[in-house]
Amino acid sequence: MALLQIAEPTMATVAHQHKIAMGIDLGTTHSLVAITQSGKPNIIKDDCDNSLLPSVITYLKDKTVIGYDAVNLIHKYPMDTISSSKRMMGLSFDDIKNYDLKIIRGKNNSVEFLTSAGKISVIEVASDILFNLKTRAIAALQTDIKDAVITVPAYFDDAQRLSTKDAAKLAGINTLRLLNEPTAAAIAYGLDKKKQGYFVVYDFGGGTFDISILHLSDGVFEVLATAGDTNLGGDDIDSILIDYFNHNLPSHNKNISLKTIARKTKESLSTQEKININFKEIGINKKIELDRKTFESMTRPIVNKTIEICRQAMKDSGIDNKQLNDVVMVGGSTRSPLVRKIVGDFFATKLLVNINPDEVVALGAAIQADILIGNKQKNSMLLLDVNPLSIGIETMGGICEKIIPRNSTIPTSIAQEFTTFKDGQTSMSIHILQGEREMVADNRSLAKFVLSNISPKVAGASRIKVMLQIDSDGLLTASAEEINTKNKISVRIKPSYGISSDDIEKMLLDSQKNAKLDMEKRMLEEQKTEAKRVLEAIKSALNKDKKQLLSRQEIDKINKACDELQLSTLSQDTKDIQQKIKNLEKSCENYVAKRMNKAVQASMVGQKLM
Amino acid sequence: MENYFYIFNLKPTCNIDLIKLKQLYQDLQKKYHPDNYATSTDETKQKAVHNSSLINIAYKTLNTPILKINHIFEIQGIDVKNDKNPIDIEFLSQHITLQDQISSSKKNATTINAIKNKINTEYDEYLNNICTLIAKKEYYKSLSLFKELQFIDKIKKQLH
Ligand SMILES: Nc1ncnc2c1ncn2[C@@H]1O[C@H](COP(=O)(O)OP(=O)(O)OP(=O)(O)O)[C@@H](O)[C@H]1O
């Protein structure tokens with residue numbers, strides 16, 4: 001097949017009409033929307049003049065609360081308030097490592113949150129955030145807006161990217177392009193206009209740290225390496241301050257949250273040399289004086305951790321500091337002078353800090369959105385991305401054969417031939433994987449599908465062509481056909497735990513109905529979760545010390561109650577599960593008492609047992 | 001059979017001007033990249049993805065000497081992979097010895113550098129000779145050299 005004829009892009013016919021598209025930074029802790037107006041990208045603020053929208057939502061029975069208002073509800077409704085859900089985007093229930101009571105196994109193994117408003121999927125949370133930002137933009141510009149460029153971390157895989165696009169669809173947003181966050185930051189600084197260069201994007205936010213090393217050559221942005229820690233951020237600096245306060249304050253109720261004061265202190269010390277911290281507002285009559293030098297010596301280890309990660313990424317990228325042109329600073333924590341000093345020293349390169357570090361990604365996305373919607377002269381810029389991870393196919397012996405190597409310029413499509421391996425074979429299973437490892441088991445499984453009705457021949461005689469295509473958003477399509485026949489199958493890769501496009505359509509239509517909660521179902525799920533928790537707790541306790549504390553009979557009794565509870569969770573009977581939990585607790589009364597005694601004795605002896 | 005040279009309106013020869021190729025590549029991508037069709041119909045978008053993919057693959061093929069020569073053979077209907085003629089024994093034993101030297105002198109920079117220079121010179125010579133033969137349409141003569149070049153290329157990558 002040669003190049004296909006394509007009519008001129010539609011925008012040519014409506015060149016005079018100015019169109020509006022959003023740039024959206026869908027962040028872990030904060031999200032933002034920006035729009036390019038008169039050639040300049042601007043952040044769209046809410047009614048209260050806030051630029052940032054905390055990515056936090058409280059799902060209550062009768063209403064949904066989002067943003068700063070939801071942040072204020074975290075303590076009141078901890079089970080109904082969802083934050084940092086981006087960390088779970090595109091993951092299956094089995095991928096979740098930290099057991100969180102809010103999370104349940106949803107349809108097709110997806111992750112869902114159990115809230116007062118019913119079950120909410122990760123995609124719905126993202127969609128609600130996107131919808132809020134869209135509404136904000138429409139209100140500000142007084143015109144309907146549907147199109148957006150949405151940013152994603154460079155390391156997002158196919159499932160994570162697809163989930164982001166699905167969330168947009170659910171929010172009634174047409175995704176013009178998914179753009180890598182570091183690339184967006186680079187565009188905001190106009191780096192794409194340079195002929196070529198190497199750039200580092202250092203992104204240190206509230207809860208996550210990312211570094212990407214980009215190479216630009218004639219309009220091709222290539223991510224050479226990316227690394228990071230999804231649990232390293234400004235929050236860790238706050239924790240150090242909280243410990244310091246606790247140490248220096250007279251004994252007080254430890255439940256009082258020092259987090260807000262810690263964060264304020266930290267942010268003030270970015271501009272002031274010394275401050276007096278007053279604890280009056282939380283009812284403690286004491287002042288602490290802290291200077292920047294002391295603060296920096298306490299928090300330096302956190303910043304040094306990011307440098308270790310940078311060192312690794314530089315090594316992976318195969319370039320050295322001398323080749324670097326600029327370091328782009330992204331994320332609120334890069335306002336800290338200490339961070340700037342250490343990062344500047346490490347890379348020995350100019351730091352770009354002029355643009356507000358919380359906003360730079362959204363601004364870059366808005367610039368790109370304006371070009372894609374057709375307001376800039378056509379052909380003015382070409383931005384080519386690469387795929388971050390290799391795509392392969394399972395072959396005999398559990399080996400992953402790479403078909404599209406990582407760092408291939410996208411879009412791309414590659415065909416590979418396979419043959420049947422058995423006489424008379426009439427179907428072939430095709431297993432598509434993502435990752436760099438040799439063995440199938442070590443890579444991420446994207447999809448499995450079957451080409452059937454293969455004409456039976458001797459082994460190796462039927463030839464099957466498998467085609468893989470990655471589009472410019474990094475999303476994959478696969479098809480397989482038997483050569484010289486009409487036998488063909490084509491699939492859009494959907495992670496098996498994602499939602500199908502039919503589901504999305506349905507959810508769009510039913511969104512009102514879905515909002516109503518099904519109390520019965522929710523109670524049942526809650527009891528099941530509770531049963532699971534109780535069973536786990538008792539089993540782990542038994543494993544530790546049943547031999548020392550219990551007789552055979554007692555162990556048997558508890559085990560029996562456990563079994564009964566386990567069995568009841570398979571039913572749909574909420575009351576029965578509740579009863580069986582009570583029974584189990586009762587049969588453990590004696591055991592619990594003995595454990596308590598033991599713990600008390602141990603604490604008197606000292607802490608040797610720990 | 002796709003002819004990647006035609007995509008850039010080039011004649012299928014070994015000697016192409018890489019700077020010119022890059023320019024042609026960028027011009028084509030500027031025209032066909034899906035970003036230009038972000039607001040078009042799905043059908044048009046799909047066509048753009050197809051075209052843009054093809055241009056990317058074609059560029060990579062013509063911009064990488066080994067892939068380019070392999071492609072020229074393909075166009076001539078010569079199946080390099082399934083060619084039954086064995087590689088020259090002399091050549092093989094020499095180069096396997098080289099490979100052994102590389103793995104046994106991992107840390108020794110002078111030895112490695114010496115081998116690197118040798119391999120790079122050899123690589124360039126082979127490329128030159130193959131291209132001359134191809135220009136004279138002596139495909140089968142160049143095929144045996146090409147198979148040796150593939151071997152040299154492997155060692156080159158190993159040294160990288
Ligand atoms: N002036 C300042 N000095 C030091 N730290 C600051 C300053 N201003 C904001 N921060 C910190 O930046 C962090 C928030 O950064 P940002 O809004 O970029 O997070 P985010 O990108 O949404 O988070 P994540 O990277 O986890 O997605 C908070 O820890 C905040 O305390």
Side-chain angles (χ1 to χ4, degrees), chain A residues 1-14 19 21 146-149 174-177 179 217-220 318 368-376 378-387 404-405 407-415 417 467-473 475 477, chain B residues 1-10 12 18-64 66-67 70-71 74-75 79 81-82 157 159-160:
Chain A
M1 247 189 298
L3 293 176
L4 302 169
Q5 282 296 324
I6 307 184
E8 283 294 290
T10 46
M11 61 198 190
T13 56
V14 284
K19 291 199 196 156
K146 279 203 288 294
D147 302 290
V149 166
N174 172 45
T175 308
L176 295 170
R177 172 85 118 99
L179 187 63
S217 99
D218 299 293
V220 182
Q368 181 70 358
D370 195 49
I371 294 172
L372 295 189
I373 198 81
N375 291 328
K376 282 264 164 63
K378 203 178 67 173
N379 300 348
S380 60
M381 129 163 161
L382 176 67
L383 193 71
L384 296 172
D385 266 322
V386 296
N387 64 326
I404 305 182
N407 278 336
S408 299
T409 310
I410 56 174
T412 190
S413 77
I414 292 191
E417 269 185 35
M467 286 259 296
L468 296 176
Q469 179 173 74
I470 302 181
D471 70 14
S472 46
D473 287 329
L475 301 177
T477 320
Chain B
M1 186 35 247
E2 194 78 58
N3 187 326
Y4 294 144
F5 291 94
Y6 289 168
I7 288 179
F8 298 103
N9 241 329
L10 292 170
L18 293 185
I19 295 168
K20 188 175 154 207
L21 177 69
K22 188 163 193 175
Q23 193 56 51
L24 291 169
Y25 163 70
Q26 286 178 354
D27 290 347
L28 277 180
Q29 280 298 14
K30 279 184 183 160
K31 183 162 174 203
Y32 287 116
H33 191 277
D35 276 359
N36 288 320
Y37 303 88
T39 55
S40 304
T41 61
D42 282 350
E43 194 195 338
T44 305
K45 273 188 210 163
Q46 191 44 47
K47 279 186 188 169
V49 171
H50 167 94
N51 285 355
S52 181
S53 304
L54 196 55
I55 296 161
N56 275 331
I57 301 278
Y59 177 64
K60 187 178 172 187
T61 306
L62 301 195
N63 197 36
T64 317
I66 294 268
L67 297 179
N70 193 52
H71 187 55
E74 262 181 338
I75 294 169
D79 186 351
K81 234 194 212 153
N82 292 320
K157 286 200 178 112
L159 281 165
H160 199 69

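Every chain is numbered from 1 and lettered A, B, ... according to where its sequence line falls, protein lines coming before strand lines.
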From B:Asn51 atom CG to B:Tyr37 atom OH, the distance as rounded to the nearest 0.5 Å: 7.5 Å
Does A:Asp385 reach the main-chain N or O of A:Ile410 with its side chain, forming a donor-acceptor pair under 3.5 Å? no
Say you draw a straight line from CD1 of B:Ile75 to CG of B:Asn70; how long is it, rounded to the nearest 0.5 Å? 10.0 Å
Among B:Val49, B:Asn56, B:Ile55, single out the residue with the greatest number of heavy-atom pairs under 4.5 Å to chain A. B:Asn56
Whether the side chain of A:Asn174 engages the backbone of A:Lys146 through a donor-acceptor N/O pair (distance < 3.5 Å, no angle test) should be reported. no
Check: B:Thr61 main-chain N/O paired with B:His71 side-chain donor or acceptor under 3.5 Å: no
Chain A contact via B:Tyr6 - side chain, backbone, both or neither, heavy atoms under 4.5 Å: neither
Tell me, for B:Asp35 versus chain A, whether the close heavy atoms (under 4.5 Å) come from the side chain, the backbone, both or neither. both
Applying a strict 4.5 Å limit to non-hydrogen atoms, the region of B:Glu43 in contact with chain A is neither
Region of B:Ala58 in contact with chain A, defined by heavy-atom distances below 4.5 Å: neither
Among A:Asp473, A:Thr409, A:Asp471, A:Leu384, the residue with the most heavy-atom pairs under 4.5 Å to chain B is A:Thr409
